[in-house]
Number of protein chains: 2
Amino acid sequence: MPLNNPTRTAPVTTADKVFEQMQHAIVEGDILAGSKISEPELAKQYQISRSTLREALNRLEKCHLVERKANIGSRVVECTIEGLLELYIAREALEGMACRQAAINITDEEINDMQAMLKQHSESQALQDGLSYYQEQGDLDFHYKVILASHNQQLINLICGQLYHLVRMYRCQFGMNSPRASRAFNEHSGIIQAISDGDGELAEMLMRRHIAASRKNIESRIADQTIQENNKESK
Amino acid sequence: MPLNNPTRTAPVTTADKVFEQMQHAIVEGDILAGSKISEPELAKQYQISRSTLREALNRLEKCHLVERKANIGSRVVECTIEGLLELYIAREALEGMACRQAAINITDEEINDMQAMLKQHSESQALQDGLSYYQEQGDLDFHYKVILASHNQQLINLICGQLYHLVRMYRCQFGMNSPRASRAFNEHSGIIQAISDGDGELAEMLMRRHIAASRKNIESRIADQTIQENNKESK
DNA sequence: ACTGTTAAAATTGTCGACAATATAGCTTTG
DNA sequence: CAAAGCTATATTGTCGACAATTTTAACAGT
């Protein structure tokens, strides 16, 4: 998985590289969510000094993947259902607004780019074998493009620079390549249409519904799971 | 100015203290916006080692007050009109949603607290002498309380932990204790009412209008300024 | 056996020195 | 004289060691 965040800058310093490695490890769950981070241990593991490791930890903190307490240490963030739902609430607000701004600020080139992407998705989806690709990378690509098209640096930083690392982490760890592929494609299509039309109000509404639908999908699946677990316990 | 961000934690380490001092200095403009930060110089100034200073810089970076480039150095963020307007767009999205969530999640205690605050504001406003206080601290208090009442940690972190440092910086440096005092009070009042009623949809709409009105107020004042400057140039 | 105290070990925070990189000023060359 | 290249200087990145704090373990007293 190439980790293609559009705000990503090429790693130049060693702290950069360790940061990316750790980011990947946390997102994929190789470093367990909620686990404590031992500076001496990890420094030895990556063959760097503690200063450099701490620099990397600071960047992980910036994208909300680890939390640090003074004189206590760092922990990887926890993945809780409540946290996931809260994340989707924030996404709904921010990406909805990004959509509205995209409808105002998008360039012709970006419109063409997005329509080309959509066409490619529809083809690979029709082939069905690319379905998992669509879910994972394709969906991210779509959302990233919309956000960038807002041309609002605040929104871009908040969403791409911070929220989406968590989004990817949750997707990996909860194993959510949800069965909303075809519906998501149609929704993406409608959103791009509204943006192209310059209809910011509609674009925002559609994006908010799109994300809210994902959230409700998760909520209902969680509810099902909970029922199943209760049944198991009671039998 | 007490710098009363509700997500603030008591500074325990020296890096914490230097961070707070620098944060204050940047917000107030004592360290100039857009200026380069010399690590050796500032380390000497605060009588700390470069490592500790860098730790403080990392935290300033987390709340988007400074930006760092590898092998080049750190700069204080610039204060541009475009940046300010972008900030208000993001606020509109996030605080609107915070309002909607507050209408769902607020506690009775928090409702009482907000109504008490409102009453206090109305009295001090009636006295007129507290007007500047209302503008500066009172307005912030109101917004902070709404955000906290959302009980959504993502929203709280994003807004209080990051956006609001920039908001305060812009307010200080552009000298904006805007003349919207009485209007703002009425708007605050309506928002609290909607939250108390559990009407999230209305609460979000009112908050968005409230922030959008501020933004438009700024936009028009900027436009006036620009016209004046043009007139000066042409005479 | 359990709780509270104290000492030892481990972890985090801070420091100063060195290495790698970028900036500025000078020299050389067309 | 302008532009490119080189050298010297300054700045940032990385390292290992020490100080301060927290955690663990042992111990004593009830």
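Residue numbers start from 1 in every chain, and the chains themselves are labelled A, B, ... in the order their sequence lines are given, proteins ahead of strands.
- Taking Arg68(A) as the reference, Glu55(B) meet the salt bridge (charged side-chain N to carboxylate O under 4.0 Å, His left out) condition, with sequence neighbours excluded.
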_Residue pair Arg171(A), Asp139(A): steps toward the side-chain contact (heavy atoms from CB on, under 4.5 Å) verdict_ = CA-CA 12 Å; Arg171(A) 282 199 183 172; Asp139(A) 182 69; 2.8 Å; yes
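- Checking Ser38(B) against Gln47(A), the closest nucleotide of DNA chain D that is more toward the 5' end is the one next to Ser38(B).
- No donor-acceptor contact under 3.5 angstrom links the side chains of His24(B) and Asp30(B), judged on distance only.
- An OP1 or OP2 oxygen of dT14(D) is reached within less than 4.0 angstrom by no side-chain nitrogen or oxygen of Lys17(A).
- Following rounding to the nearest Å, Glu41(A) (CD) and dA10(C) (P) show an atom-to-atom distance of 13 Å.
- Distance from the side chain of Thr13(B) is smallest for dG13(C) among the nucleotides dT12(D), dG13(C), dT14(D).
- Here the CD1-CD1 distance, from Ile89(A) to Ile211(A), works out to 10.5 Å after rounding to the nearest 0.5 Å.
- Within the 4.0 angstrom heavy-atom criterion, only backbone atoms of the sugar-phosphate kind lie near Ile37(A); the bases stay farther away.
- A straight line from NZ of Lys44(A) to C1' of dT11(C) spans 13 Å, rounded to a whole angstrom.
- Partners of Ser38(B) according to the side-chain hydrogen bond (donor to acceptor under 3.5 Å, both in side chains) rule, which considers only residues two or more places apart in sequence or in another chain, do not exist here.
- Near DNA chain D, meaning a heavy atom under 4.0 Å away, the residues from residues 60-75 of chain B are Ala70(B), Asn71(B), Ile72(B), Gly73(B).
- The CZ-P distance, from Arg54(B) to dC15(D), rounds to 12 Å in whole Å.
- One finds no salt bridge joining Arg75(A) and Glu67(A) here, because no Lys/Arg side-chain nitrogen approaches an Asp/Glu carboxylate oxygen to under 4.0 Å.
- Look at CD on Glu39(A): it is 17 Å from P on dT21(D), rounded to the nearest Å.
- Annotation: Lys36(A), atom NZ; neighbour count of heavy atoms from other residues, nucleotides and ligands within 6.0 Å is above 12.
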Are there any protein N/O atoms within less than 3.5 Å of an N/O atom in nucleotides 16-18 of chain D, and if so, which ones and at what distance?
| unit_1 | atom_1 | unit_2 | atom_2 | d |
| --- | --- | --- | --- | --- |
| dG16(D) | O6 | Ser51(A) | OG | 3.4 |

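- Between Tyr46(B) atom OH and dC15(C) atom C1' there is a gap of 19 Å when expressed in whole angstrom units.
- Screening residues 94-113 of chain A for side-chain hydrogen bond (donor to acceptor under 3.5 Å, both in side chains), with sequence neighbours left out, gives Arg91(A)-Glu95(A), Glu95(A)-His143(A), Glu95(A)-Tyr164(A), Arg100(A)-Glu204(A), Thr107(A)-Glu110(A), Glu110(A)-His151(A), Asp113(A)-Lys145(A).
- Pairs passing the salt bridge (Lys or Arg N to Asp or Glu O under 4.0 Å) check and including a residue from residues 158-167 of chain A, sequence neighbours excluded, do not occur.
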